[in-house]
2 protein chains.
Amino acid sequence: MGGSEARRPKAGRPPDRQAGRAVRQAALQLMREKGYAGVSIAAIAARAGVARQTLYNRWPTKADLVLDAVFEETGRNAPALPGGAPPEGQAGLEAFLLQVLGHLQQDGDPLRALIAAAQHDPVFRDALRARFVLPRERIVTDLLIRAQARGEIAAHRDPGLLSQLVHGIFWYRLLNGQELDAALAREIAAEIFGR
Amino acid sequence: MGGSEARRPKAGRPPDRQAGRAVRQAALQLMREKGYAGVSIAAIAARAGVARQTLYNRWPTKADLVLDAVFEETGRNAPALPGGAPPEGQAGLEAFLLQVLGHLQQDGDPLRALIAAAQHDPVFRDALRARFVLPRERIVTDLLIRAQARGEIAAHRDPGLLSQLVHGIFWYRLLNGQELDAALAREIAAEIFGR
DNA sequence: TTGATTATTGGACTGTGGTCCACTAATTGT
DNA sequence: ACAATTAGTGGACCACAGTCCAATAATCAA
C-alpha cells in the first residue's frame, strides 16, 4: 500500500456539500443551547434538514459528531494565541491559560461531555487526544523548554511533567465542576515559575 | 426544622436486607466482568434476583448504584494509609501516590467510567466529589500544610493549589489513557518538594 | 441511454435508562 | 381484626443511540 491509490475515478452520487456544514452548525447551536446531554441526534438532523441516517453515514457516534462540530466549526483546533508568535515566559503562560479559560467558559460543557465520551471508546479517546489534548500540552511544554533555556526555570525540572501538572489541574477542576477563573491562571503561572 | 425528627415510629414493610448486598455485589461483579458500559440495570437486577424497579427505588441512577457498589462493597472509602498515622513529607507524599496507583491498577476502569458518568449528572458529580475526590485531596493538602509548617515548603506557596496540581495530573493521565507508574509518583513528589 | 456506483432518505427495529402505575407483601399501631 | 404505611413486583410506556434495509437520487464511464 504505497502510493498506488492516487485518484479513484470518482463515481456515484457525491456527498451533499451543504449538509456537512449545516449539520455541524446545528450540532454546535443545539449544544450551546441545551448542553451535550440535552441534544439528540434526531434534533440535530431535524435542524440541519437532513435524514438521521445521514449523520450515522458520516459520523460513527454522537460524540464524534460533536467533536467535529466543536473543533471544525469554531476553528479552535489552532490553540495558538492569535498574535502569531508563541507565548513566552510566566506572562505568556498566564496569557495562554487565560485564553484556554475563555474557551472553557463558552464550550466547557461540550468539552466535558467529550472527555466523558472518550472514556467509553479508546479510538475516540485517541482522536480527542491527538486533535485537542496534545497540541495544547505541547504549547505549554515548548514554552517551558524555552523558559528553561533562558534560565527562568531550574535545569533539573521536567518541562513535560510541569505541562501535565498545569493541564491536569485544569481538567481536575473542570471535571469536578469547580470554577476556573483568572486568579487561578495567575496562581498557576506563579507557582510554575514562582519563588 | 431543628431536631424534632427524632424517631419516626417505623411503619410499613421494611426494606429487604438481603437485596441491598445482593444488588451491590451483582453490580460490582458485572462491572468487573463487562465494564461500566457493558452492564445494564436489567442485568444487575436479574443477577441479584430482584425487580428492576427496586433498583430505581433505592438508587436514582445507574451511576449512583455503581458508585455505591464500588465504594461500599470494596471498602475503599478510606483512602488513608493502613499504618494509622498520616503520611509525612516528600516520602509520605510518594507513598500516598503509590497507594493511589495501586487502587487505579485494580479499579481504574470503573473509576474512569464513574468520572465520565459524573459529567452528565451534577448531583452525581457532587456525590463522587464528596465521597471520593475531596477526602483524597484533603490528605495531600494536609500533608503539605504540615510540611510547610516544618519549613519544607516555602511559605508563599498554596498547599491547596499544590494538592490539586498533584491530583490533577493523575486524572489527566488516567483519563488520557497514559501510564501511571511508580516513576511518575516519585517525580511528582520530587517536583512538589524539590529544588 | 444504460449500467455501475455512491449518498441520501425514511422507516422499522433493538437495547437501554428511566418513569409511571396498579397490585401485592410485610410491618406497626389501634 | 383492621387500617395505615412502606417496600417489592411486574408490566406498560417513553426517549434516545445505534443498526438495518429497501427505495431513490445524483454522478461517472461506456
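Reminder, nothing fancy here: chain letters follow the sequence lines and each chain counts from 1.
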From [atom1] of [X] over to [atom2] of [N], roughly how many Å is that when rounded to an integer?
| X | N | atom1 | atom2 | value |
| --- | --- | --- | --- | --- |
| A:D64 | D:dA17 | CG | P | 14 Å |
| A:N57 | C:dT8 | CG | P | 6 Å |
| A:K34 | D:dA15 | NZ | C1' | 13 Å |
| B:I44 | C:dT16 | CD1 | P | 12 Å |
| A:R13 | C:dT8 | CZ | C1' | 4 Å |
| A:I41 | C:dG10 | CD1 | P | 16 Å |
| A:Y56 | D:dC16 | OH | P | 11 Å |
| B:K62 | C:dG15 | NZ | C1' | 12 Å |

Practice problem: Look at the side chain of B:A11 and decide which nucleotide, out of C:dT5, D:dT5, D:dG11, has an atom nearest to it. | Solution: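 So the nucleotide nearest the side chain must be D:dT5.
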Quiz item: Where the side chain of A:R58 is concerned, which of C:dA7, C:dA26, D:dG8 is the nearest nucleotide?
Solution: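 Given the options C:dA7, C:dA26, D:dG8, the side chain of A:R58 is closest to C:dA7.
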Exercise. May I ask you to decide if the ring planes of A:F71 and A:H103 are parallel, tilted or perpendicular, using 30° and 60° as cut-offs?
Key: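 Plane angle over 60°, so perpendicular.
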Quiz prompt | Polar side-chain atom of A:Q119 near backbone of A:I115 as donor-acceptor pair, under 3.5 Å | solution =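 Yes, because the side chain of A:Q119 sits within donor-acceptor range (under 3.5 Å) of the backbone of A:I115.
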Exercise. Return yes if some donor-acceptor pair links the side-chain N/O of A:Q148 with the main-chain N/O of A:A154 below 3.5 Å, else return no.
Key: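 The answer is yes, because a donor-acceptor pair under 3.5 Å joins these two groups.
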Quiz item: Have B:N57 and B:T54 got a donor and an acceptor in their side chains that come within less than 3.5 Å?
Solution: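 The criterion, which ignores hydrogens and geometry beyond distance, is not satisfied for B:T54 and B:N57.
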Quiz item: Would you say the base of D:dG8 and the side-chain of B:R52 have a donor-acceptor pair closer than 3.5 Å?
Solution: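 Donor-acceptor pair under 3.5 Å: no.
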Exercise. With heavy atoms under 4.0 Å as the rule, sort A:R17 into base, sugar-phosphate or nothing.
Key: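 Answer is nothing: A:R17 stays at 4.0 Å or more from every strand.
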Quiz item: Counting any heavy atom closer than 4.0 Å, what does B:D16 reach on the DNA or RNA strands: base, sugar-phosphate only, or nothing?
Solution: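 Result for B:D16 = sugar-phosphate.
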Practice problem: Output yes when at least one side-chain N/O atom of A:S40 is less than 4.0 Å from OP1 or OP2 of D:dA15, else no. | Solution: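 For A:S40, the contact criterion (side-chain N or O under 4.0 Å from OP1 or OP2 of D:dA15) is not met.
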